[in-house]
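Worksheet: the structure to be examined is printed underneath.
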Amino acid sequence: MEAHYLTSLDLNGFIEAARAIPYQKINSDLFPGIEVWIRRDDLLDPLISGNKAYKLLYNLIEAKDRGVETLVTCGGAWSNHLHATAAAGARFGFRTIGVVRGERPPVLSAMLRDAERFGMQLNFVSRQHYRQRSQPEFLKLIGAQVANSIYIPEGGANLAGVRGIRLLGGIIEATHPISFDQLWVACGTGLTLGGLSSSINSFPVRGVGVLKAGESIRREALRWLTALAESAARSGERIASSDIALEDEYHCGGYGKYPSWLQEFQQAFECESGVPLDPVYTSKLMYALSQEVSEGHFSYGTKILALHSGGLQGRRGFQLFD
Ligand SMILES: *Cc1c(COP(=O)(O)O)cnc(C)c1O
């Protein structure tokens, strides 16, 4: 299966690419008794990939429509969002500024090296300043206020971001090849879980938290459900009310923790399925699913769809974690 390249910033072209994303049936002994499929959104684009592409989409379109020159955003040293924003800026003709938490290290992470290579200006700020990133004064405080720019919050977490995830939900509703019993998705902030829960009605959505913050992931997912419902009420659109379902026992020690047994699981999965995973999100997603199977939580023949949310560039240099 070949990765596609998003070549222009155009909603219909994006939708066409997203509708063509394959659903792949996994044949593996790691999930005995159930049927597992993966929707390969890692293939949407090698650089602007997975859920980060959907979160950026409407932000980028708005920037283009308003004639904005510079995208300003922020993240940590291993942020898939920074990476995707830098790549999108290079591809679609925006300057990019990435505000990064902490001091500039002597050796940049592979992710930040790429971001610089894509032309992103990196602006390192103290952890203390970084904590104020959702305050209106933040950019002024750190001297990153530039003319003719838009600010995209960390992780692409704004209403435009969650609308992009709802677009993904709608596409899944329209294209899923068989009738599934559940959709599984990896969660960092919970925005993707909230956006998908609000837009998929044919089967329930279950999140797997990849960090020790189950309560805040649930809260964030619910916050986006509420924000969507409010914005829909204003425009007369209907948003299905939904619960948030989150597995929070599979963070494997915390964000970016990658114990040897997870590594072994990932290798076995990749070997049997031919589908590459990333160490931070999708490996924990598939691991959680295999554990739930082995603990007997599914009835025989249950059909599960897992979302491949991308992040594959995070595979490189992963030993730098810890
Ligand atoms: C960011 C990210 C997620 C988590 O998305 P949230 O909306 O923050 O929960 C999942 N998978 C990958 C690969 C990501 O990069």
Side-chain angles (χ1 to χ4, degrees), residues 21 38-59 73-88 109 111 114-115 152-169 183-199 205-225 227-228 244-248 250-252 255-256 258 266 275-289 306-316 318:
I21 288 293
I38 295 197
R39 181 181 151 91
R40 299 287 309 275
D41 278 296
D42 56 311
L43 297 174
L44 189 58
D45 185 285
L47 298 174
I48 312 166
S49 108
N51 66 341
K52 298 304 182 285
Y54 292 89
K55 289 186 188 189
L56 278 172
L57 175 68
Y58 289 110
N59 281 294
T73 191
C74 56
W78 287 98
S79 159
N80 288 334
H81 164 70
L82 272 187
H83 193 271
T85 306
S109 67
M111 218 87 115
D114 280 354
I152 304 175
E154 184 179 54
N158 58 11
L159 203 53
V162 78
R163 279 182 57 221
I165 298 296
R166 279 178 54 78
L167 175 70
L168 170 60
L183 168 64
W184 281 52
V185 59
C187 301
T189 63
L191 181 144
T192 301
L193 175 61
L196 290 176
S197 301
S198 79
S199 52
V205 184
R206 277 170 84 175
V208 173
V210 306
L211 60 158
K212 270 191 213 163
E215 271 321 303
S216 89
I217 296 172
R218 259 185 218 100
R219 212 180 318 119
E220 191 67 5
L222 278 170
R223 183 168 82 81
W224 286 113
L225 279 183
L228 283 167
I244 293 298
L246 181 77
E247 305 297 329
D248 57 6
Y250 296 105
H251 51 67
C252 305
Y255 185 76
Y258 191 47
Q266 183 178 336
V275 178
L277 300 176
D278 84 292
V280 179
Y281 293 98
T282 49
S283 59
K284 289 181 186 176
L285 172 69
M286 299 317 293
Y287 174 73
L289 188 57
L307 180 72
H308 198 313
S309 45
L312 295 181
Q313 79 281 344
R315 288 159 67 88
R316 296 161 311 157
F318 202 79

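Order of listing sets the numbers, starting from 1, for every ligand and every atom in it. FYI, side chains are in, hydrogens and waters are out, and symmetry mates aren't considered; it's all heavy atoms of this structure.
Contact annotation: the side chain of Val208 never approaches that of Tyr287 to less than 4.5 Å [non-hydrogen atoms, C-beta and beyond]. Within the 4.5 Å cutoff, side-chain heavy atoms of Gln313 are placed close to those of Asn80. Within the 4.5 Å cutoff, the side chain of Ile38 has heavy atoms near those of the Met286 side chain.
With sequence neighbours excluded, the residues that form a salt bridge (Lys or Arg N to Asp or Glu O under 4.0 Å) with Asp41 are Arg39.
Within the 3.5 Å criterion, the main-chain N or O of Gln266 finds no donor-acceptor partner in the side chain of Ser283. Judged purely by atom type and a 3.5 angstrom limit, Lys52 has no side-chain atom pairing as donor or acceptor with the backbone of His81.
Sorted by chain and number, the heavy-atom contacts of ligand 1 below 4.0 Å come from Asn51, Lys52, Lys55, Asn80, Ala186, Cys187, Gly188, Thr189, Gly190, Leu191, Thr192, Tyr281, Ser309, Gly310, Gly311.
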